[in-house]
Amino acid sequence: MTILTLLTDFGTEDEYVGVMKGVILSIAPDVRLVDLSHQVPPQDIRRAALLLMNAVPYFPPDTVHLAVVDPGVGTERRPVAVRTPAGTFVGPDNGLFSWVLARVPEWTAVEIREPAYRLPLVSSTFHGRDVFAPAAAHLAAGLPLEKLGPRVEDPVWLPPPRLEISDFVAEGEVLYADRFGNLVTSIGYLVRSEDTLALKSAFGSQAVLPVFPAGDAGVVVGNVQLRGIRRTYGEAAVGELLALVGSSGFLEIAVRQGSAAAALGAVPGTPVTLIFRLNRG
Amino acid sequence: MTILTLLTDFGTEDEYVGVMKGVILSIAPDVRLVDLSHQVPPQDIRRAALLLMNAVPYFPPDTVHLAVVDPGVGTERRPVAVRTPAGTFVGPDNGLFSWVLARVPEWTAVEIREPAYRLPLVSSTFHGRDVFAPAAAHLAAGLPLEKLGPRVEDPVWLPPPRLEISDFVAEGEVLYADRFGNLVTSIGYLVRSEDTLALKSAFGSQAVLPVFPAGDAGVVVGNVQLRGIRRTYGEAAVGELLALVGSSGFLEIAVRQGSAAAALGAVPGTPVTLIFRLNRG
Amino acid sequence: MTILTLLTDFGTEDEYVGVMKGVILSIAPDVRLVDLSHQVPPQDIRRAALLLMNAVPYFPPDTVHLAVVDPGVGTERRPVAVRTPAGTFVGPDNGLFSWVLARVPEWTAVEIREPAYRLPLVSSTFHGRDVFAPAAAHLAAGLPLEKLGPRVEDPVWLPPPRLEISDFVAEGEVLYADRFGNLVTSIGYLVRSEDTLALKSAFGSQAVLPVFPAGDAGVVVGNVQLRGIRRTYGEAAVGELLALVGSSGFLEIAVRQGSAAAALGAVPGTPVTLIFRLNRG
């Protein structure tokens, strides 16, 4: 059974997600549906793109990922399907997939245009139901990508989050707060090896790849300075602010058993600076 | 695998939904469970009835829809199962299914009374677990409807939402705001053909079936007047109020990339008026 | 298909739950996933333990229950898997399973230590993904429990909620408010037979097992006194406070078609007293 994941900003109060699943299962009764999230803040394409980037590596490569965060529904924005070695993606061509695509060696994109793979009536406000769900279901059921429509060579590409790395400093921003109030930042990937961290840009190539000791690095967010990048929450006292490497490789600011977002009043876009001393090998 | 959908006002904080799924899978291990929503406002039968009405057409007709919004649990209200050409329905007899039933040519309802198809102990506060989930599971596993209990000829019928159509005016009400703050109204179905709209009552027969140009129709909600019924959000400026036909055929009031509910302070029951000029063939 | 349930405090805004499902389905493509809840208040082990206790009896005994409420992630707390006649449990060794284990005649616990059944890289902040999901998936796919690691004889045990039963009085506390604002208390199990209730401790053995008439029992919560334990919400007027036996056997305080939590301002820990007259056979 092929896995088909769903990511939307539809919430779960309304019938929208259930209706998409009805459409999918009517076309591909054997797919296995997995919800990634339906709580993306309304029309927040960047948040959805980050979520996909973090989730996709944990699914089998024959998974179809359906993502509908679609402020341009009903306008000229193209519906697309993209096949990559990491998975197949279906949704509006508004940048949702750009950070997934930045990490794969190759991809093929098509515009979803063939009427046979849409619902008979296409509304102008719910392409999730009328265009994207049917296309994703047909792909999960084995339809070759090219049947959906013509090639797209220039999908919309999101600008990457802020991350500037120089010899001793990386300047980034808060991307979002997760449910626990942990502040996930654009500073990553951070890869730990014993007491040393290596920093690569998660969103593109980067000439400087600093390697530095975790213990004496400093993190500045708002007017707060934190010393050292910890290994885990348990290295801080209950209620203490700490910096650590989150589970997807990004620098995070957390409060042990509390909310860093509440403690710092930080929001998406708040600047975060990492100051480090290079490891002289 | 038969699909079994679940619609409740139980929320997802507690174990209630999971427990119903445990009961169902213990009886019918092969059903495919799909959540329609568990975020119906507590005891809001009308909201659940609307949600079902909008969702059911997108599921295969052999689907079993289990709906539990049940303020009368433990009282004399009957538990019912209803078979229709559009699906099979299980829940309390309080009107949940009336707007689905209004649209199908025929239906057969029974009272769920046979102890063999309930849990051994029936509580007086959680029939979702003890009565409805087992009945739905048995139906999904192939039990003939009549085995559950005697025929019901007079199920409870909800009064339809307000909609009065005269020659030049349709008077309705706000039904609810969806997650995006779009105000869904009782004025529908609106069916578009090029620049013309046809209006039928979604909740019953209606002698007058006006057909009118979309562009010069007017919509009044609260003390705001909107000109024209647009095709999609993108026809308005960001932040602008607009009227359009929603994905289920109802007149909706929206703010492009914003919340009409917040902008207008409208709530369920707020009057909405559509003013139109008849199309003289 | 084996059922694998998930219970976390991860919420559904982030990718965390979806990622765990990706990991599980990559290992055990045929399991059937059921969400118990992901809305446990952050790091509230007691709430999760209660939820499990109430949900587990409704699932087949070969179900694997994965529970991740894990304030000690990355510290020395052990990851465990526990097999019982009521189900198999996987999660951190912090007491999550103690109220399930208190009710089963026997259990076998192991520490999850074998690297072959983890992800290749184990982060220090997301063992749900790296340790618990893989272990649960392998168990659901048939791995013998002992393969995961060495026996654990002394799992962490939560202290039970307050419940002191004497001849005429049971003193307990509010455990939590459910979505409807019903206050679930530690006074249970209450088993009804006609107009009589029997009271047993749900969390351990209890010498006194009083049996008493429901109608003239009194309940005191805060400065409110309620007379009689009702059978169902419908026995109260709309808006009236009432005491009744909830669907899992605990004394509950409710408001018919309203919220007792809001009406009483009660929170977890608020004392609740049940006063009863013994039934002289």
Side-chain angles (χ1 to χ4, degrees), chain A residues 1-3 5-7 9 11-12 32-41 44 47-48 50-63 65 87 176-182 184 191-192 230-236 238 242 244-250 252 254 256-259, chain C residues 1 4 6 8-35 37-45 68-77 92 94 119-134 137 179:
Chain A
M1 291 199 296
T2 304
I3 299 170
T5 77
L6 298 99
L7 173 68
D9 61 352
T12 52
R32 175 176 289 262
L33 299 170
V34 174
D35 297 302
L36 288 187
S37 177
H38 301 292
Q39 310 294 343
V40 172
D44 190 340
R47 180 72 188 89
L50 288 165
L51 204 155
L52 270 180
M53 182 178 83
N54 288 340
V56 164
Y58 296 94
F59 285 86
D62 65 343
T63 300
H65 299 280
Y176 61 89
D178 75 6
R179 192 210 183 191
F180 298 90
N182 298 324
V184 180
V191 183
R192 188 182 279 268
R230 314 289 178 87
R231 204 173 274 278
T232 188
Y233 308 112
E235 293 180 12
V238 171
L242 70 154
L244 78 176
V245 182
S247 58
S248 291
F250 296 96
E252 289 186 15
R256 184 174 174 197
Q257 294 181 27
S259 164
Chain C
M1 290 198 298
L4 195 161
L6 298 98
T8 75
D9 60 353
F10 293 167
T12 51
E13 302 92 331
D14 303 301
E15 69 271 17
Y16 305 138
V17 172
V19 161
M20 287 174 63
K21 292 180 179 176
V23 169
I24 291 166
L25 294 173
S26 297
I27 293 168
D30 291 331
V31 297
R32 175 177 288 262
L33 298 171
V34 174
D35 297 302
S37 177
H38 301 293
Q39 310 295 342
V40 171
Q43 308 178 333
D44 190 340
I45 297 168
V68 189
V69 176
D70 192 14
V73 61
T75 66
E76 293 301 301
R77 72 96 190 84
N94 60 16
L119 292 198
L121 288 174
V122 174
S123 71
S124 45
T125 57
F126 193 5
H127 287 191
R129 176 190 69 191
D130 305 332
V131 176
F132 299 121
R179 192 210 184 193

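Please read these numbers as outputs of a predicted model, since none were measured by experiment. The chains referred to below are lettered A, B, ... by the order of the sequence lines, with proteins before strands, and numbering in each begins at 1.
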Subject >> C:Val19 portion near chain A, given a 4.5 angstrom heavy-atom threshold >> reply: both

Subject >> Side-chain donor/acceptor of A:Thr232 to backbone N/O of C:Val73, under 3.5 Å >> reply: yes

Original post:
What part of C:Arg77 is in contact with chain A, defined as an atom under 4.5 angstrom from a non-hydrogen atom: side chain, backbone, both or neither?
Top reply: neither

Original post:
Rounded to the nearest 0.5 Å, what separation is found between the CD atom of A:Glu235 and the OG atom of C:Ser124?
Top reply: 7.5 Å

Original post:
Which pair of heavy atoms, one from A:Tyr58 and one from C:Arg129, lies closest together, and at what distance?
Top reply: OH-NH1, 3.0 Å

Original post:
What residue, out of C:Leu25, C:Asp35, C:Asp130, C:Leu33, has the most heavy-atom pairs lying under 4.5 Å from chain A?
Top reply: C:Leu25

Original post:
Of the backbone (N, CA, C, O) and the side chain (C-beta and beyond), which part of C:Ile24 lies under 4.5 Å from a heavy atom of chain A, both, or neither?
Top reply: neither

Subject >> Taking every non-hydrogen atom, the tightest pair across C:Glu13 and A:Gln39 >> reply: CA-CB, 3.7 Å

Original post:
Excluding sequence neighbours, so at least two apart, what forms side chain to side chain contact (heavy atoms under 4.5 Å, CB included) with C:Gln43?
Top reply: A:Gln257, C:Asp9, C:Pro71

Subject >> Interchain contact, A:Ile3 with chain C, by part (heavy-atom threshold 4.5 Å) >> reply: side chain

Original post:
Taking atom types as modelled, is there a side-chain donor on A:Asp178 or C:Tyr16 under 3.5 Å from an acceptor on the other?
Top reply: yes

Original post:
Quick one: are C:Asp14 and A:Leu51 in side-chain contact, heavy atoms under 4.5 Å?
Top reply: no

Original post:
What is the distance from atom NZ of C:Lys21 to atom OG1 of A:Thr5, rounded to the nearest 0.5 Å?
Top reply: 11.0 Å

Original post:
Non-hydrogen atoms of chain C under 4.5 Å away: do they reach the side chain of A:Leu50, the backbone, both or neither?
Top reply: neither

Original post:
Any side-chain heavy atom of C:Glu15 within less than 4.5 Å of one from A:Ser248?
Top reply: yes

**OP:** Could you tell me which portion of C:His127 (side chain, backbone, both or neither) has an atom closer than 4.5 angstrom to a non-hydrogen atom of chain A?
**Re:** neither

**OP:** Please flag which part of A:Val56 lies under 4.5 Å from any non-hydrogen atom of chain C: side chain, backbone, both or neither.
**Re:** neither

Subject >> Side chain A:Arg231, main chain C:Gly74, donor-acceptor under 3.5 Å >> reply: no

Subject >> Most contacts with chain C, counted as non-hydrogen pairs under 4.5 angstrom, among A:Asn182, A:Val34, A:Asn54 >> reply: A:Asn54

Original post:
In terms of heavy-atom proximity below 4.5 Å to chain C, should A:Arg32 be classed as side chain, backbone, both, or neither?
Top reply: side chain

Subject >> Main-chain N/O of C:Thr12 paired with A:Ser37 side-chain donor or acceptor, under 3.5 Å >> reply: yes

Original post:
How far apart are the closest heavy atoms of A:Phe59 and C:Gly18, and which atoms are they?
Top reply: CZ-O, 3.1 Å

Original post:
Does any non-hydrogen side-chain atom of C:Thr125 lie less than 4.5 Å from one of A:Leu244?
Top reply: yes

